[in-house]
Amino acid sequence: MGKKTLSVALLTTAMLTVAGCSGAGSPNADETAAAPVSPDGVSGDITVLTNRTDLVQDGTMKKYAAEFNKTYPKVKVKFEALTDYEGEVKIRMNTEKYGDVLLIPGVVAKGDYPKFFAPLGDTSSMKGTYRFTDKTDVKGKTYGIASFGTANGFVYNKAVWKKAGITDWPTTTQQFLDDLKAVKDKTGATPYYTNFKDGWPLSSPWTNSIGSVSCDAQASDKLAAMDKPWDKGTDLNALDTLLHDIVHAKLSEKDPATTNWESSKTLLAKGEIGSMMLGSWAVNQMRDAAEKAGKNPDDIGFMPVPAQQGGKFCATLVSDYQQAVNIHSDHKSAARAWIDWFTTKSGFAAKEGAVSALKSDPMPETLKGYVDNDVKMVERSEAKTAEVNAIDNASEIGLAKPDYRQKLIDIARGAVKGSLDDYFDDLNKRWSEARQTAGS
């Protein structure tokens, strides 16, 4: 795929109500999509919408369906892979025909979930089993189960860092900058790669790390009650200052306008790039790129944000897309059966090197370094997501969009006038004003 295949970039996209969309009719009388008691009697043809065009094209999803049919032989599963998932599903949701199972688009406002999706159960009972239930909780009901979760940090080439004389993870942002300079001076590699042109690597990976600096699961929710999220001492200040300083010190690519995501995977795998801020989902993709380039996949590592609380690193765990059942589906039991099987039996999350939505499942092998080094995993609360997104929309900053960090980079490299302090002051002002109209 042209972009990263796991679409974490859209994870925190501002949730707006679909224009003119009311579900195109009244929901079915049976609105619930309760988990089937047994496979007996579960039948029907269901369509599953997915953003994973690669897994449909290479036959992987068909293999999953074949395994599913060993348990549910009376259910026929059809997949529709959409390249522009958000755009296409948004249009379809002006009708009742938007698949039986789908990934909840970021464009749908959280409060509108009951209009479009069948409730899967009471959140109070589901939260003991599943991670990230508050992401789709509306008035005590859960409307989606995460396809997987991701931890945040920096994917890096361990061989390059070792060549630069670095063996330990940096514990402060200044130490991280010093390490990047050592990579530049001693290896000739580009220490850090922004992926400026593709844009999304400047949005979700950085914004999803809110909470990693403070080690606070409520850090993102607290934005709803903050007037100055970019003041010193905040996660956003620390993260955005780090990005600015990396670029300002010329520790990133020379021409950000020419970056390329697909190429960057090979460049990091070959040791021509030292590091990139991404979700843990990216580790397997970088290791695959290393194998294809004839390099050692074990050289690909994953390190936490360079900050500690009480002598420990922290890393946020956030949900990717949430699987939901179309409230207009004629085969809700079959649709729910697919979601349950895919979450609990398919092994999908483990194969992708991602964090399972099941709390009982262990962390994936891609996070072995985090587990071995006692990095604290912080499952980030999404209870105030709707309020935060409303403020973000009103401020026109775009925490889940690349524009504001692209400007941050342009300031850092001198492409536009301004200073970091002035930019933070402007962001704080816009956020504060937006809270008066959209916030609580």
Side-chain angles (χ1 to χ4, degrees), residues 3 7-21 84-87 89-91 104-112 135 194-211 219-232 234-244 247 256-257 277 318 380 382-413 415-440:
K3 290 181 70 173
S7 290
V8 182
L10 296 168
L11 194 150
T12 52
T13 301
M15 294 181 182
L16 307 175
T17 303
V18 179
C21 185
D84 178 15
Y85 184 85
E86 291 277 322
V89 176
K90 174 183 176 180
I91 294 171
I104 297 179
V107 73
V108 183
K110 188 175 181 179
D112 287 338
K135 180 76 173 180
T194 67
N195 265 305
F196 180 100
K197 187 173 183 292
D198 282 83
W200 61 261
L202 293 174
S203 54
S204 62
W206 287 89
T207 296
N208 286 345
S209 289
I210 295 172
S220 183
D221 286 347
K222 288 178 179 177
L223 294 176
M226 296 176 68
D227 277 330
K228 297 181 178 181
W230 282 270
D231 263 10
K232 287 186 178 180
T234 66
D235 282 58
L236 275 170
N237 179 284
L239 293 165
D240 288 343
T241 297
L242 176 59
L243 178 59
H244 170 277
V247 177
M277 168 75 91
V318 296
R380 200 175 71 176
E382 299 285 352
K384 298 288 185 180
T385 294
E387 293 92 326
V388 173
N389 286 342
I391 298 169
D392 188 37
N393 292 337
S395 71
E396 297 184 346
I397 292 172
L399 289 175
K401 299 177 183 178
D403 306 66
Y404 102 83
R405 287 198 180 93
Q406 286 177 329
K407 182 176 180 180
L408 178 75
I409 288 174
D410 283 340
I411 290 172
R413 67 191 184 100
V416 299
K417 292 182 179 179
S419 69
L420 180 63
D421 287 342
D422 288 343
Y423 191 43
F424 282 170
D425 286 343
D426 177 61
L427 293 173
N428 280 331
K429 181 175 183 292
R430 289 159 62 186
W431 190 270
S432 177
E433 290 175 349
R435 278 197 69 235
Q436 305 308 312
T437 57
S440 54

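Nothing here was measured: the structure is a model prediction, and the numbers come from that model. The basis for the numbers below is simple: all heavy atoms, side chains too, and nothing from hydrogens, waters or symmetry mates.
Proximity of K407 to I411: side-chain heavy atoms (C-beta onward) are separated by under 4.5 Å at one or more points. Taking 4.5 Å as the limit, some side-chain heavy atom of Q436 sits within range of a side-chain heavy atom of D227. The side-chain heavy atoms of D221 and R380, taken from C-beta on, include no pair separated by under 4.5 Å. Residues L202 and T194 form a side-chain contact, since some pair of their non-hydrogen atoms from C-beta on lies under 4.5 Å apart. A 4.5 Å side-chain heavy-atom check between W431 and L427 finds every atom pair outside the cut-off. At a threshold of 4.5 Å between non-hydrogen side-chain atoms, the residues P105 and K90 do not count as touching.
Checked by atom type, the side-chain pair T234/N237 shows no donor-acceptor distance below 3.5 Å. Using a 3.5 Å distance cut-off with no hydrogens or angles, the side chains of W230 and D240 do pair a donor with an acceptor.
Between the side chain of D84 and the main chain of G87, a donor-acceptor pair closer than 3.5 Å is present. Put simply, the side chain of D392 never gets that close to the backbone of V388: no donor and acceptor are under 3.5 Å apart.
Residues that satisfy the side chain to side chain contact (heavy atoms under 4.5 Å, CB included) test with A394, not counting sequence neighbours, are A434, T437, A438.
Between R430 and D426 there is a salt bridge, since at least one side-chain N of the basic residue sits less than 4.0 Å from a carboxylate O of the acidic one. Using a cut-off of 4.0 Å between Lys/Arg side-chain N and Asp/Glu carboxylate O, R435 and E433 are scored as not salt-bridged.
Here the CZ atom belonging to R405 is positioned 7.5 Å from the CH2 atom belonging to W206, to the nearest 0.5 angstrom.
None of D231, N428, L399 except one satisfies the side chain to side chain contact (heavy atoms under 4.5 Å, CB included) rule with L236; the exception is L399.
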